[in-house]
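Below you'll find the structure, written out as structure tokens, and then a few comments.
The first residue of the sequence shown is numbered 1, and numbering continues consecutively from there. Since this is a predicted model, take the numbers as computed values, not measurements.
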Amino acid sequence: PLMYVFIALIMAMAIEAYKKLTLEKDQITLITISGSIFSISLLLFQLYMPDWAIPVFYIWMEIVTILSIMQFWILAGAVFNSRQAKRLFPLIIAGGSISAISAGYSLSPFVEFFGSHNILYLTLLFLITSIAISHFIRPYVDEQAQFQPKEQKSRNIKLDSYLKAIAIMVLCSAFISRIVDYQFKVMSSEVFPNQNDLVDFFGTYYMYTGIATLIMQFFVTSFILTRFGILIGLIILPITLSFGSTGFLLVGSLLTVFITKFSDQVFKFSINNAIKEILWLPLSIKKRQRSKPIIDGTLKSGVEGFAGLVIFLLVYLNLITDSNIYLLSIIVLAVTAIWLWDAIKLKEGYVSEIVRSIDNRQLNLDEVQFDVHDAQTVETLDKVLNEKDEFKQLFALDLLWTLPLDPWKNSIKNLFLGGSPAIQRGVLELSWNQQNILPDKMIQDQIIKQDSVSPYAIACASDSNIKGLETMLKGYLN
């Protein structure tokens, strides 16, 4: 358990040091240098690892993993603009699930032929490959976008009620993940005392979690958010964790804790990640930049370390042993109760923040790296489109430029039929060449009216090759 504490402390220091040392540095060069250091260090661990070095290796692997992921997403942000990212990032994330499936499937035959003690060579191979690939990407990198701007120091960052609700969700998830991870590893090592069998089991686990995560990302997450809204999405993870923990508390078997760990891994990296992205949506860019690193970084790492400390104290005082490790599930159930209460507050706060951000003209859907079609966002934007405030309507129309228009097509048609000339023109430009949103008949009727919007309707009809345009234009010649 103390490893969780050390990891939290060392990772916080390592990330802060990395950010200061690499400020305004070329990302490809950083990947090359850090990747080389990581590769050499892992080779040394492979060749010589006494018992005292195992904890050091465990912490070092956390550093390698976190920094590599951080470098990847900074580089991805420098290659793709926001619209490209919105289309491609879900596929890239799905690639992570595919790699988990492949790695899990390959571990068993690898261990059978080469032994579990040689697995580090695979990690070395992938590190060297990532360095090589980064150099092929260099021609596509936006040289300015890859540099991280200097952070403005802000000593007094206050979290309002909505940010506190987000923080509670993130911290509950981090705390529970550490406890479930500890239970899972202890039970696995008891059931599979042989090292090769344990590696084979973990390989199978990661293969199945990868498959389930992939299915969630492609088919389930969007359906749940669109059909049932953000509240259902918020409570899926804590409910499945509470079910799994209840089962482990009652039965105490590897299967029940496997289900709990499986739920945490699958739902956290699919629907829960998508919802976290959506929850940050209504906040201003400045507020997001100031508060997100604190919640997702400092506070989260602190809670993970605190979870490790709690486990250590319970084990040290002999309140928790390997034989009654299921009692930790009582803590998990208590924290999931707080999480569920917070989810209700989050849903209400999200809707309020969306409305407020529209009123303040600060909502920016281009900043979101996933398609936003959760029921609450769709409903809120639809209400704004149907308000009497023309400025709000125009702002809402502007937000829809990067989104598929089907969820709002009825409101868009009504605005074109009954809105002001400015609104009608905005609708026309938004729906240009989209007959399923604005039918040819509506454009033809607008041309016949011969008002200030008609010239734009004529241009749209021409681009769309609407039949009968020449006949309608005769009225303008008489």
Side-chain angles (χ1 to χ4, degrees), residues 1-20 59 62-63 65-67 69-70 73-74 148 151-182 230 233-235 237-238 241 264-265 267-269 271-313 328 331-332 334-350 353 367:
L2 281 180
M3 292 302 298
Y4 295 141
V5 180
F6 291 133
I7 287 172
L9 293 174
I10 293 174
M11 282 306 306
M13 293 187 289
I15 291 174
E16 195 62 33
Y18 177 84
K19 288 164 68 177
K20 289 181 179 180
I59 295 172
E62 287 287 329
I63 294 174
T65 303
I66 297 298
L67 293 186
I69 293 172
M70 183 188 300
W73 285 113
I74 292 173
Q148 298 301 294
E151 297 177 358
Q152 295 181 350
K153 293 183 179 179
S154 179
R155 295 180 182 176
N156 299 316
I157 299 178
K158 296 182 179 179
L159 300 181
D160 57 28
S161 59
Y162 181 64
L163 285 173
K164 287 178 182 177
I166 294 177
I168 290 172
M169 180 194 74
V170 173
L171 301 185
C172 286
S173 174
F175 186 85
I176 290 173
S177 289
R178 283 306 186 193
I179 292 181
V180 171
D181 183 66
Y182 177 74
I230 198 168
L234 282 168
I235 66 175
L237 180 54
L241 287 173
D264 183 50
Q265 190 82 8
F267 293 121
K268 181 194 293 183
F269 294 108
I271 191 166
N272 208 56
N273 271 359
I275 285 177
K276 277 205 299 184
E277 180 80 13
I278 292 171
L279 290 174
W280 289 104
L281 168 66
L283 302 176
S284 65
I285 295 175
K286 183 179 179 182
K287 196 171 186 178
R288 208 179 309 158
Q289 289 175 339
R290 292 175 60 189
S291 55
K292 194 171 184 180
I294 294 175
I295 294 174
D296 285 342
T298 308
L299 293 178
K300 182 182 176 184
S301 296
V303 165
E304 288 175 340
F306 177 69
L309 186 60
V310 169
I311 298 171
F312 170 75
L313 290 175
L328 283 172
I331 300 176
V332 173
V335 177
T336 53
I338 297 172
W339 191 347
L340 289 168
W341 166 80
D342 180 68
I344 297 172
K345 291 187 63 178
L346 258 180
K347 185 258 184 182
E348 296 171 353
Y350 172 73
E353 288 292 323
E367 294 294 322

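Looking only at side-chain heavy atoms (C-beta outward), Leu299 and Val303 stay at 4.5 Å or farther from each other. Looking at Trp280 and Ile295, their side chains come closer than 4.5 Å, going by heavy atoms from C-beta outward. Contact annotation: the side chain of Leu328 approaches that of Tyr182 to within less than 4.5 Å [non-hydrogen atoms, C-beta and beyond].
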Go through Ile166 and Tyr162 one step at a time and tell me if the side chain to side chain contact (heavy atoms under 4.5 Å, CB included) criterion holds. CA-CA 6 Å; Ile166 294 177; Tyr162 181 64; 3.6 Å; yes

Under the side chain to side chain contact (heavy atoms under 4.5 Å, CB included) criterion, do Ile271 and Leu237 qualify, and how do the steps go? CA-CA 8 Å; Ile271 191 166; Leu237 180 54; 5.8 Å; no

Which is it for Trp339 and Met169 under the side chain to side chain contact (heavy atoms under 4.5 Å, CB included) test, yes or no, and what are the steps along the way? CA-CA 6 Å; Trp339 191 347; Met169 180 194 74; 3.4 Å; yes

Could you go step by step and tell me if Leu279 and Leu346 meet the side chain to side chain contact (heavy atoms under 4.5 Å, CB included) rule? CA-CA 8 Å; Leu279 290 174; Leu346 258 180; 3.9 Å; yes

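Scanning for side-chain hydrogen bond (donor to acceptor under 3.5 Å, both in side chains) contacts around Asp296 gives an empty result, with sequence neighbours left out. Scored by the side-chain hydrogen bond (donor to acceptor under 3.5 Å, both in side chains) test, Asp342 finds no partners at all (sequence neighbours excluded).
For residues 164-177, the pairs satisfying side chain to side chain donor-acceptor pair (under 3.5 Å) are Ser177-Asp264, Ser177-Lys268, with sequence neighbours left out.
In this structure, CG in Leu241 is found 11.0 Å from CD1 in Ile179, a value given to the nearest 0.5 Å. Between Glu62 atom CD and Ile10 atom CD1 the span is 10.5 Å, to the nearest 0.5 Å. Atom CG of residue Leu234 and atom CD1 of residue Ile344 lie 10.0 Å apart, to the nearest 0.5 angstrom. How far CZ of Phe306 is from CG of Leu171: 11.5 Å, rounded to the nearest 0.5 Å.
Contact between Ile338 and Cys172 at its shortest, heavy atoms only, is CG2-SG, 4.2 Å. What you find for Gly308 and Val5 is that their closest heavy atoms are C-CG2, 3.7 Å. Taking all atoms of both residues into account, the shortest heavy-atom contact from Ala343 to Ile235 is CB-CG2, 3.8 Å. For the residue pair Thr336 and Pro238, the shortest heavy atom distance occurs at CG2-O, 3.8 Å.
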